[in-house]
There are 2 protein chains.
Amino acid sequence: MLRISKLTDYGIVIATHLASCGGPHPVSDLSAETEIPAPTVAKVLKALARAEVVTSQRGARGGYQLAHRPEDISVVRVIEALEGPIAVTECVDDESVCSHEARCNVRANWQRINDAVYAALDGIKLSDMAEPGGARLVQLVRSAGEANRARIGV
Amino acid sequence: MLRISKLTDYGIVIATHLASCGGPHPVSDLSAETEIPAPTVAKVLKALARAEVVTSQRGARGGYQLAHRPEDISVVRVIEALEGPIAVTECVDDESVCSHEARCNVRANWQRINDAVYAALDGIKLSDMAEPGGARLVQLVRSAGEANRARIGV
DNA sequence: ATAAAGAGGACCAATCTAGTCTCGATTGCT
DNA sequence: AGCAATCGAGACTAGATTGGTCCTCTTTAT
């Protein structure tokens with residue numbers, strides 16, 4: 001688990017698709033190209049538009065396109081647009097709910113774990129996702145693993 | 001979001017607690033010490049026992065203790081015990097459900113993202129969580145962030 | 001004017017989650 | 001041997017979340 005929602009998955013797929021072709025794409029086209037049902041595509045894109053990941057053009061010949069260059073949009077942007085801020089635990093998201101505060105050593109550490117996950121996802125851009133081989137990604141993941149292993153002394 | 005479940009959060013808290021004190025702890029004690037309701041503590045520990053993160057001792061004077069040294073148990077072990085394998089998307093978890101396979105550039109890349117998240121979490125051990133200041137964690141997170149930034153060229 | 005688009009939000013079914021409870025199996029102590 | 005303390009397995013419920021659809025209104029190119 002530790003899963004992103006299906007809608008977010010769709011969001012990445014759609015955004016990645018937009019990253020590879022330029023002009024405004026109407027929902028109907030995107031639905032056909034990604035094989036995701038049109039109402040769902042529409043729902044996802046409305047959320048992405050609100051978060052300014054994509055821009056919309058109404059009316060005939062309108063549609064959606066990315067609001068920035070693919071290499072300037074990380075997957076975190078998309079995830080946060082559809083699910084709210086990255087917060088691995090409730091503690092991280094909303095400090096008030098934790099009644100254990102005083103005695104909870106764990107809490108401060110969760111915040112750091114959260115940062116680690118955020119950093120990992122923020123390093124991955126839509127342009128990486130669009131690239132089939134994902135050459136840069138391979139490097140990225142390998143280096144993250146090595147950084148950890150070095151610290152741990154494995 | 002991208003959240004672990006509450007039960008998993010409890011699992012980490014309980015496991016961290018076990019990491020700081022030795023002998024077998026009955027559920028009743030752990031419940032009192034962590035302020036988590038006893039039936040819930042029991043549920044979590046049963047799952048952790050099945051995954052061999054903790055060992056159990058039945059009968060009077062029984063209880064739970066860690067199955068390995070705290071520095072040999074990563075948070076991933078606990079998360080996977082309670083939620084199943086880390087799988088950021090359905091694709092990563094179960095390849096059969098994805099009808100887009102052929103045309104889905106994104107899929108292989110999700111696998112890599114998944115690996116990155118896994119690596120980030122696997123580097124964090126229970127002994128790190130038990131440490132209040134979390135000195136080693138600070139280093140860990142910082143280095144992960146730097147590794148990313150270096151790659152990206154920011 | 002008309003048709004092609006998106007915006008906003010209501011709505012429902014299905015699934016997942018948290019939490020409790022019951023009953024049975026072990027085990028140490030007296 | 002008997003008792004009390006503990007864990008093991010799993011059923012069960014209420015509530016929250018998610019995925020997906022649909023309807024109505026606004027905007028805009030032709």
Side-chain angles (χ1 to χ4, degrees), chain A residues 1-14 18 23-32 34-67 79 81-84 87 89-90 93-94 97, chain B residues 1-14 18 23-32 34-65 67 79 81-84 87 89-90 93-94 97 99:
Chain A
M1 297 290 172
L2 196 87
R3 186 165 298 184
I4 61 172
S5 80
K6 256 186 172 181
L7 289 193
T8 305
D9 187 2
Y10 296 156
I12 303 277
V13 170
I14 294 167
L18 289 176
H25 297 260
V27 167
S28 54
D29 288 8
L30 289 169
S31 167
T34 59
E35 297 183 20
I36 300 167
T40 301
V41 173
K43 188 178 194 173
V44 168
L45 281 168
K46 275 182 271 188
L48 292 180
R50 244 171 278 144
E52 297 177 28
V53 173
V54 301
T55 56
S56 64
Q57 175 64 32
R58 286 186 171 190
R61 300 278 171 119
Y64 291 96
Q65 53 191 321
L66 292 184
I79 293 174
L82 290 160
E83 312 198 0
T89 64
E90 229 172 323
D93 191 35
D94 177 4
V97 296
Chain B
M1 297 287 174
L2 196 85
R3 185 166 297 182
I4 61 172
S5 80
K6 256 185 171 180
L7 290 191
T8 305
D9 188 2
Y10 296 157
I12 304 276
V13 170
I14 294 167
L18 289 176
H25 297 259
V27 167
S28 54
D29 287 8
L30 289 168
S31 168
T34 60
E35 295 184 21
I36 300 167
T40 301
V41 172
K43 187 179 195 173
V44 168
L45 281 168
K46 275 183 272 186
L48 292 180
R50 243 173 279 143
E52 298 177 26
V53 173
V54 301
T55 55
S56 64
Q57 174 65 31
R58 286 184 171 191
R61 301 279 170 116
Y64 291 95
Q65 53 191 318
I79 294 175
L82 290 161
E83 312 198 359
T89 64
E90 229 171 326
D93 192 34
D94 177 3
V97 296
S99 57

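Just so we're on the same page: letters track the sequence lines, and every chain starts at 1.
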Practice item. Report the C-alpha separation of B/Gln65 and B/Thr55 in whole Å, then their side-chain angles, then the decisive distance to 0.1 Å, and conclude whether the side chain to side chain contact (heavy atoms under 4.5 Å, CB included) test is met. Key: CA-CA 6 Å; B/Gln65 53 191 318; B/Thr55 55; 3.6 Å; yes
Point to revise | A/Glu83 side chain vs A/Ser5 backbone, donor-acceptor pair below 3.5 Å | key: yes
Check your understanding: Can any side-chain N or O of A/Ser31 pair as donor or acceptor with the backbone N or O of A/Ile36 at less than 3.5 Å?
Key -> yes
Practice item. Check step by step if side chain to side chain contact (heavy atoms under 4.5 Å, CB included) holds for B/Leu2 and A/Thr8. Key: CA-CA 10 Å; B/Leu2 196 85; A/Thr8 305; over 6 Å; no
[X] vs [Y] side-chain heavy atoms within contact, under 4.5 Å:
| X | Y | result |
| --- | --- | --- |
| A/Thr89 | B/Ile12 | no |
| A/Lys43 | A/Leu7 | yes |
| A/Tyr10 | A/Leu82 | no |
| B/Leu18 | B/His25 | yes |

Review point. Which residues within residues 4-12 of chain B lie with some heavy atom under 4.0 Å of an atom in DNA chain C?
Key: B/Ser5, B/Lys6, B/Leu7, B/Tyr10
d([atom1], [X]; [atom2], [N]) in whole Å:
| X | N | atom1 | atom2 | result |
| --- | --- | --- | --- | --- |
| A/Gln65 | C/dG6 | CD | P | 12 Å |
| B/Leu2 | D/dT18 | CG | C1' | 16 Å |
| A/Ile36 | D/dT21 | CD1 | P | 12 Å |
| B/Glu35 | C/dG19 | CD | C1' | 17 Å |
| A/Gln57 | C/dA3 | CD | P | 20 Å |
| B/Arg58 | C/dT27 | CZ | P | 7 Å |
| B/Arg3 | D/dA16 | CZ | P | 15 Å |
| A/Arg61 | C/dT2 | CZ | C1' | 15 Å |

Check your understanding: Once you round to the nearest 0.5 Å, how far does CD1 of A/Ile14 lie from CG of A/Leu45?
Key -> 5.0 Å
Check your understanding: At under 4.0 Å, does any side-chain N or O of B/Ser56 touch on OP1 or OP2 of D/dG8?
Key -> yes
Point to revise | Positions of residues 38-52 of chain A (non-hydrogen atom under 4.0 Å from DNA chain D), listed by number | key: A/Pro39, A/Thr40, A/Lys43
**Study point:** Candidates D/dG8, D/dT28, C/dG28 - which lies nearest the side chain of B/Ala60
**Key:** C/dG28
